[in-house]
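One-based numbering along the sequence shown.
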Amino acid sequence: MHYLTVPGYTGSGPDHWQTHLENTFEGFSRVVQEDWEDVDRGRWVDTLDAAVRGTDDEVFLIGHSCGSVTLAQWAATRWDSRVVGGLLVAPADVDAAGALAAIRSQAPLPTVALPLKTHLVVSDNDPHLSLERGLALAEAWGSSVEVISGGGHFATLDGFGPWSHVAGLIERLSGNALETTPGRVPLAQ
C-alpha cells in the first residue's frame with residue numbers, strides 16, 4: 001500500500017506530523033502543490049489526481065487542513081477505486097465567512113457522501129473549523145469522526161509534531177501495519 005500525505009495551505013513544515021510520517025515510515029510520499037501559498041481548487045485537485053494515478057498500488061490518503069479539503073473535493077469528483085480510504089484531519093472551513101482570504105478560492109466544500117471510507121479528526125477549539133461544522137461535514141461525507149479536545153488545528157504550533165496517535169489511526173483505517181524506515185525510530189507518544 002502507498003500512503004499519500006496531502007498538506008494544506010503553506011505546506012507542512014519540517015516538524016509537522018505529516019513530515020514525521022513521511023520520514024519515519026515506508027511507503028509514504030507527499031502530494032506537492034506548485035504553490036503552497038496559492039490555494040487554487042482546480043490545480044490542487046488536479047495535482048492530487050495526478051499523484052494518485054501515478055501510483056500502481058492501493059492508496060491511502062492523509063490530509064490536513066486545506067489538504068483535507070482537496071482530498072474531499074477529489075473524492076467527490078474523481079475518485080479512483082485504488083484509493084481504499086482517507087484520513088481528514090482538521091479540514092479548513094473554506095465556506096465560512098471568517099475563512100482566511102487566501103483559502104476561500106477552494107470553496108465550496110462538497111456536501112455529498114464520499115465514495116470511500118473516511119475518518120475525520122476534529123477538535124473543539126480549531127480556529128479554522130467549528131466543532132459543529134466538523135460534525136456536519138462528517139455526517140454529509142459519511143465519515144466516522146473523532147473529536148480531540150484542545151487539539152486546535154493540529155498544527156505544529158498546537159503541539160502536533162511527532163504524533164503517534166495518527167500512525168495508529170492510519171494502521172487501523174488502512175488495515176495495514178506501518179513499517180518503520182530502516183534507521184528510524186517509531187514516532188514518540
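The hydrophobic cluster containing Trp163 also contains Leu173, counting ILVMFWY residues as joined when their side-chain heavy atoms lie under 4.5 angstrom apart, directly or transitively. Under the 4.5 Å side-chain heavy-atom criterion for Ile, Leu, Val, Met, Phe, Trp and Tyr, Leu137 and Val45 are members of the same hydrophobic cluster. Connection of Leu88 to Val59 is established within a shared hydrophobic cluster, with ILVMFWY side chains joined at heavy-atom distances below 4.5 Å, either directly or through further cluster members. Under the 4.5 Å side-chain heavy-atom criterion for ILVMFWY residues, no single connected hydrophobic cluster contains both Val89 and Leu120.
Heavy atoms from other residues, nucleotides or ligands lying under 6.0 Å from CD of Glu139 number 12 at most.
Counting heavy atoms from C-beta outward, Gln106 and Thr70 have side chains that approach closer than 4.5 Å. In this structure, the side chains of Trp44 and Val6 stay at 4.5 Å or more apart for every pair of heavy atoms. Between Val84 and Leu116 there is no side-chain heavy-atom pair separated by less than 4.5 Å. A 4.5 Å side-chain heavy-atom check between Leu87 and Val166 finds at least one atom pair inside the cut-off. With a 4.5 Å cut-off on side-chain heavy atoms, Asp80 and Trp74 count as touching. For the pair Pro182/Glu26, a side-chain contact is recorded, criterion being any heavy-atom separation below 4.5 Å from C-beta on. Taking the side chain as every heavy atom from C-beta outward, Thr19 and Arg30 approach each other to under 4.5 Å. Between Phe60 and Met1 there is a side-chain heavy-atom pair separated by less than 4.5 Å.
Note that SG of Cys66 is 10.5 Å distant from CD of Gln33, once rounded to the nearest 0.5 Å. Distance check: Leu21 CG to His16 NE2 gives 9.5 Å after rounding to the nearest 0.5 Å.
Nearest heavy atoms, Ala72 versus Leu114: O-CD2, 3.6 Å. Taking all atoms of both residues into account, the shortest heavy-atom contact from Trp141 to Val112 is CD1-O, 3.3 Å. When all heavy atoms are compared, the tightest approach of Asp124 to Val147 is N-CG1, 4.4 Å. The minimum heavy-atom distance linking Gly152 with Asn125 is given by the pair N-OD1, 2.7 Å. The shortest non-hydrogen separation linking Leu71 to Gly63 is CD1-N, 3.9 Å.
Under the side-chain contact (heavy atoms from CB on, under 4.5 Å) criterion, Glu146 pairs with His119, Val121, Ile148, His165, Leu169, sequence neighbours left out. In this structure, the side-chain contact (heavy atoms from CB on, under 4.5 Å) partners of Glu37, at least two apart in sequence or on a different chain, are Tyr9, Thr10, Asp35.
The closest donor-acceptor contact from the side chain of Ser65 to the backbone of Gly8 lies at 3.5 Å or more, if one exists at all. Gln73 contributes a side-chain N or O that, together with a main-chain N or O of Pro108, makes up a donor-acceptor pair within less than 3.5 Å.
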Practice item. List the steps, then state whether salt bridge (Lys or Arg N to Asp or Glu O under 4.0 Å) holds for Asp57 with Arg82. Key: CA-CA 7 Å; Asp57 271 339; Arg82 288 176 303 117; over 6 Å; no

Practice item. Would you please test Thr47 and Glu34 for side chain to side chain contact (heavy atoms under 4.5 Å, CB included) and show each step? Key: CA-CA 8 Å; Thr47 301; Glu34 181 180 315; 5.9 Å; no

Point to revise | Residues Val31, Thr5; criterion side chain to side chain contact (heavy atoms under 4.5 Å, CB included); working and verdict | key: CA-CA 6 Å; Val31 175; Thr5 61; over 6 Å; no

Check your understanding: For Ile62 and Phe28, what are the C-alpha separation, side-chain angles and deciding distance, and is it a side chain to side chain contact (heavy atoms under 4.5 Å, CB included)?
Key -> CA-CA 10 Å; Ile62 303 119; Phe28 276 77; 3.7 Å; yes

Exercise for review: Evaluate the criterion side chain to side chain contact (heavy atoms under 4.5 Å, CB included) for residue pair Leu129 and Asp126; output intermediate values, then yes/no.
Suggested key: CA-CA 5 Å; Leu129 177 74; Asp126 187 337; 3.8 Å; yes

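There is a side-chain donor-acceptor pair under 3.5 Å between Ser29 and His2. For the residue pair Ser12 / Gln18, a side-chain donor-acceptor distance below 3.5 Å is found, with atom types taken as modelled. Between the side chains of Asp158 and His153, no donor-acceptor pair of N or O atoms lies under 3.5 Å. At a cut-off of 3.5 Å, with distance as the only test, no side-chain donor of Glu58 or Ser174 sits close to an acceptor on the other residue. Between the side chains of Thr156 and Asp15, no donor-acceptor pair is found at a separation under 3.5 Å.
Of the residues listed (Phe160, Trp17, Phe154), the one engaging His64 in a ring pair (Phe, Tyr, Trp, His ring centres under 6.0 Å) is Trp17, and it is the only one.
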Mind listing the side-chain donor-acceptor pairs of residues 90-102 below 3.5 Å, one per line with the distance, residues two or more places apart or on another chain?
from	atom 1	to	atom 2	distance (Å)
Asp93	OD1	Asp95	N	3.2
Asp93	OD1	Ala96	N	3.3
Asp93	OD1	Arg133	NE	3.3
Asp93	OD2	Arg133	NE	3.2
Asp95	OD1	Leu109	N	3.3
Asp95	OD2	Leu109	N	3.2
Asp95	OD2	Arg133	NH2	2.9

